[in-house]
Each structure stands twice: as C-alpha cells, then as structure tokens.
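Everything numeric in this text was worked out from a predicted model, so none of it was measured.
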Amino acid sequence: MSKLVAVITAEEAGTERLGTRAVLAAEALRKHAHDGGHAIAIEFHDGETARDVLAAADIVDADAVLAIGGSGGDPRFAGKAVTAAGVDDVLRDPAAVLTRALAGQAAPAPAAAAAAPQAGGRRIVAITSCPTGIAHTFMAAEGILQAAKALGHEARVETQGSVGARDGLTAEEIRAADLVIIAADTQVDLSRFDGKRVYLSGTKPAINDGQGLINRAFADARVQGKGAAAPDDAAPAAAKAAGGQGSGRTGPYRHLMTGVSFMLPFVTTGGLLIAIAFALGGIYAYEDANQGTLAYALFQIGAKGAFALMVPALAGYIAYSVADRPGIAPGMIGGMIATQIGAGFLGGIVAGFIAGYGTAWLNRNIRLHRNLEGLKPVLILPILGSLLTGLLMLFVVGEPVAQLLATLSDWLRNMQGGSAILLGLIIGLMMAFDMGGPVNKAAYAFSTGLIASEIYGPMAAAMAAGMTPPLGIALATKLFPGRFTGDEREAGNAAAVLGLAFISEGAIPFAARDPFRVIPSLMVGSGLAGAISMAVGAQLKVPHGGIFVLPIPNAVVSLGGYLVALIAGTVVTAIMLRILKKPLAKPEAPAAV
C-alpha cells in the first residue's frame, strides 16, 4: 500500500462552479486510491481558505505528492516527487493521474495535454482486429506503433488475427497505460480495461492516419468500467471522430463482421476437407457404400462437422458481439434452428441479431437482488434469450427467411448468360471499391454465406476480384515503371505476393496516393475478373487462400476458365493504370544535331 498526499487548489477562477469541480476531483481521487489499496490525504484550497490541512506526519510519510490545480511549488514538499495536474485531468481520468504520481512522473500542464498530448511521452496500449484477421489487423498495428513513436509515446499493440491473439498485453502494461485504443472492425472484449480511458475506432484510421487517431483518442477517450455504456454506445462517436466512418463501421455492421470472422475457420476447414474427400474417393465419397474409407471420414468431418457449425457460429458470435457472453448460447441455438428449418446463413444472421438484442434488452430490464445477480449471465439470460430467439425463429421469422433463401438459391443456381455476368461484375466492383472496407466486406460476407447453401460461384468471383487489384498494380509497376515512383515500384513486389494470397489490402498504399486514377482502374479489372468467373461457371469451395488453394483437387470448378478470369482482370487493371496515370516526368527531347 502506498501513501499519497494531495493539495487541490480551486482559487484560479474563484467561482462556485470551479469550487464544486474541485470537490468532485477530491472525491474521485479518494475513491480510486481506495480501490487501488492506497491511502490518500487531501488538503483543499478554495480562495483564501484551506480545509483539511495536511499533517506534517502525513507529508513526511508520503510516497508521492499531487498538486492539483496549483503550481506544486509548496515548500512543505521539498525533496518529494510532486506530480502536477489540472482539475480537468482528475475528472477525466483519476486513475491515470494516480498512476503517474505513484510512478514519479510529472504530468504535462493541462493546456499542453489537451492541445498536444504527444509532448508528454504517454503510454498507449492497443488492440487491432479485422474480420479475416490477416491484413488490416497487422497494418493497423504497424500504423499505431509508427505513429506513437513519431509523437514521442510508448505503445504496445496486441493483434487479434486469424491465429488468435499475438503479443498479448499484460496486466501490468494495461495498469500503467494512460490510454487504450481499440482499432477493430470486430467486437473486442473490453473487460480487461475497466477504469482505463478507452477509444474505439475501426482499423482504417489507424492505417491511414495513425497520428491523427492517437491525438483524437487522447481528446475523446471515455473511461471504461463495470456498468459503463456498452461498446456500441461509445463506438459511433469514436468512429465518427476517427474518420467520418459513421455508424456504417459500428453497430450492426460490426456485429455482422464479428460473426463472419468467427465463421470463416469453419467454412475453410469444411470446404477443404470435402474437396480432399472428393479427390480421394470421387464425387460419391459421401455415400454409405464408402463407409470405413478415409474419403468418407473426411467428408463426414467436413460436411457433418465443420459445415454444420457454420451458421450456429455466425449467429452465436453476432449475438456475442451485441450482448457479450450471455448472448452466445441463444445465438448458437437460434443458428442451429435456422439450419434445421432451411433458413441457412440468412436465418443465422436474423437469429444472431434477435438473440443479441433480445438478450441485451433482458439484461437491462431484469433487476435482481445483488445476491442473485450472479445467476443472470449463467442461467436466467441464456434460458430466456434462447426461448425468445427459438420461439421467434420457429413461429415468426424462420419460415419467411427460409423461403427467401430458397428463392435466392434457386435464382443463383439457375443464373446463366447476362444475369450471371452482371452478378459477377457487381461483386467484382464491390471487392475493388474499398479493398477491405465495408463495401468489400459486404460482397465477401454475401459470397461466403452462400457456401453454406452449396452455392460456390459468387465465392469464386469474389476471390478472383479480390486478387486482381494488387496483382494488376504489381504488373503495372513492371510494365510501365514511368508511372510509378521508386518506392512504388519496390512496393509492387510486395503487392504481388499479397495478391497471390488474396489480400486485397496490398493495393491500399497505391490507392491512397492517387485514388481518383487508381481506384477506377482497379474496379474495371476486378469487375471483368468477376464477370468472367461467373460466365465460365467457376466455383470455389473455400473462402480464402488465393492461388495456394487452386492446386487442391475439386477446390475449384472450371479451373482453366477461372485462371483466364484472374489473368484477364490483372492485365486490364495494369492497362487501365497505364491509361489513367500520368508519367512522372516527360522524357527529354533528343538533342538537335
């Protein structure tokens, strides 16, 4: 236990309002010191009077001294480490002020902290995450690390990618942090950050303007705590401040992307296992006559195991994103019912939102004695949420959604000629429009969801169109180097690798530098790739992997036509860049002879 003393001065404005704020600051310091197991004695100055004057013994025994609202030049504290802070600093985040005092760090002057937090050398912890957990997750982490270094801050970033959390934040790092940044397009558990100032954002601000994101975070972060507003309540304002993204990157969109993120491993596993089963045992590997064979076993694992869990996982984690852990059981149960009644992924989405918002509503409106509150998350909310979701799915919304999916599935299966080409064109344009943004993810989620209904054409179009932008740029940097800087030509090599792996984000740096020429070029090439893919009847049974899944037998139907689509889109993208981008410098005229 540490001992602290504080002097709170409210004489600078001499108003009743400031005096009230100073009293509130004193109470905030007492509460947070007590919660942290520390003792604190506070002397309060208001105008010409002083209250609760510190005893000499308290000053001698003090491990740290806080000067709130004053200069900190009191001779009584000679030889002591004095931390100066403003009343606003304490009201905004008393825990951070106490942390600095105990660490012996002097806080920046209040005005400087508000205007330019980078001058204070603060400590930042962050989490980054995106639906697929591949490119945006790590690009956002790099953006925050580089921006923090440029602004003079310390930063640690935990990435929650496709292989789980890496570089996990320790309890000590979180405790010492002045700010927490959550740069994620999926829901992130904030329970670790109770009492800390937390700022919620999408990944794009961290990638495009990390310094701006950090400065906004210091200005607008909110204290996270038990009973505080749910992340969704804080996220819209944060996201709007972080780049004008508005509610499109929060609320239902964020919940849907969280569900898609957790569903993807089931789709990938099931699709590849079924493809391998067909490669080993032929297209009838699933028949009972083949029981006991490896092909039959692989099909059972993929189709009856992984694929059977796709929709429940989607629904369960949509509900989790909305209502936290109490929503998982109602969501998964609703997703299973959606599968059983033929509502598929559309039914899973509906069930997830019913379970999530229904369970959250029940949590807000059910009031129990504090001794019984522990029953809510493990008994009352899962049961009532499951009843609500199940009954609505069985008797109200399930059948209409199932009919809608059946109609959509029949239309997609029977599409030929112009209709198929138009759908491929639209998917391609969407995939290239923002390269990992909301429009791209909408097309990707639609295509991935259809795999659960054994409709694989849109997924093939989406992956071809997603690979085309970075591959086309890489080709253009080689064929038309005069249109690109030396750095861009070097980056083209990395873009080629990312394109082969179906990571569209490899094109983002080029699009950010010249959006009005690059993005239309990418959309033309991707639209062509998607249209050709649908026209030739290409099908893809896995949602990711790029060129590395193409050699797997039966993973791709109409492989030759699919490669034509990919090559055509890449070449047209490069040609469009040649047409739209201007040469960096005009060649010199030949010398007169």
Legend entry - Worked verdict on E454 versus I274 for side-chain contact (heavy atoms from CB on, under 4.5 Å): CA-CA 12 Å; E454 299 182 1; I274 291 172; over 6 Å; no
Legend entry - Flag side-chain contact, heavy atom, 4.5 Å: L66 against L98: yes
Inset, instruction - Quick one: closest heavy-atom pair of A147 and G210, and the distance? - result: CB-C, 3.3 Å
Inset, instruction - For the pair N215 and L151, evaluate side-chain contact (heavy atoms from CB on, under 4.5 Å) and give the outcome as yes or no after the intermediate values. - result: CA-CA 9 Å; N215 287 334; L151 293 172; 4.0 Å; yes
Inset, instruction - Could you check if a side-chain atom of L29 sits within less than 4.5 angstrom of a side-chain atom of I68, using non-hydrogen atoms only? - result: yes
Inset, instruction - Please tell me if the side chains of I214 and Y199 come closer than 4.5 Å, counting only heavy atoms from C-beta onward. - result: no
Legend entry - Close side-chain approach of M463 and Y444, heavy atoms under 4.5 Å: no
Inset, instruction - Can you see which heavy atom on A313 is nearest to which on F262, and at what distance? - result: CB-O, 4.4 Å
Legend entry - Non-hydrogen side-chain atoms of Y320 and D189 separated by less than 4.5 Å: yes
Inset, instruction - Determine yes or no for a side-chain-to-main-chain donor-acceptor pair under 3.5 angstrom, with R30 supplying the side chain and I40 the backbone. - result: no
Inset, instruction - Search all heavy atoms of V7 against all heavy atoms of L54 and return the closest pair with its distance. - result: CG2-CD1, 4.0 Å
Inset, instruction - Could you grab the distance from atom CG of L190 to atom CD1 of I182, nearest 0.5 Å is fine? - result: 5.5 Å
Inset, instruction - Compare all side-chain heavy atoms of R192 with those of L169 and state whether any distance is below 4.5 angstrom. - result: yes
Legend entry - Interatomic spacing from CG in D167 to CD in E158 - rounded to 0.5 Å: 8.5 Å
Legend entry - Considering all heavy atoms, the nearest T389-G334 contact: CG2-CA, 3.8 Å
Legend entry - Exam field: side chain T137 to backbone T128, donor-acceptor pair closer than 3.5 Å: no
Inset, instruction - Give a yes or no on whether the backbone of Y456 and the side-chain of K541 come within a donor-acceptor separation of less than 3.5 Å. - result: no
Legend entry - Side-chain donor or acceptor of K376 paired with backbone N/O of L368 under 3.5 Å: no
Legend entry - Student check: side-chain heavy atoms of V260 and Y317 closer than 4.5 Å: no
Inset, instruction - Would you confirm whether D63, through its side chain, and L4, through its main-chain N or O, come within 3.5 Å as a donor-acceptor pair? - result: no
Inset, instruction - Can you measure from NE2 (H153) to CG (D178) and round to the nearest 0.5 angstrom? - result: 9.0 Å
Inset, instruction - Verify, without hydrogens or angle tests, whether R254 (side chain) and A184 (backbone) share a donor-acceptor contact under 3.5 angstrom. - result: yes
Inset, instruction - Without swapping roles, check the side chain of N363 against the backbone of L381 for a donor-acceptor pair under 3.5 Å. - result: no
Legend entry - Backbone N/O of G168 and side chain of R156: donor-acceptor pair under 3.5 Å: yes
Inset, instruction - Answer yes if the side chains of T186 and S129 hold a donor-acceptor pair under 3.5 Å, and no otherwise. - result: yes
Inset, instruction - Indicate the ring-plane relationship of Y357 and F353, choosing parallel, tilted or perpendicular according to the 30° and 60° boundaries. - result: parallel
Legend entry - Residue pair G385 / L362: nearest heavy atoms and the distance that separates them: N-CD1, 3.8 Å
Legend entry - 4.5 Å side-chain heavy-atom contact, W361 and L388: no
Inset, instruction - Can you label the angle between the F345 ring and the F446 ring as parallel, tilted or perpendicular, going by 30° and 60°? - result: perpendicular
Legend entry - Worked check of side-chain contact (heavy atoms from CB on, under 4.5 Å) between Q160 and I127: CA-CA 7 Å; Q160 296 188 359; I127 292 178; 3.8 Å; yes
Legend entry - Distance-minimising heavy-atom pair for A351 and G335: CB-N, 3.9 Å
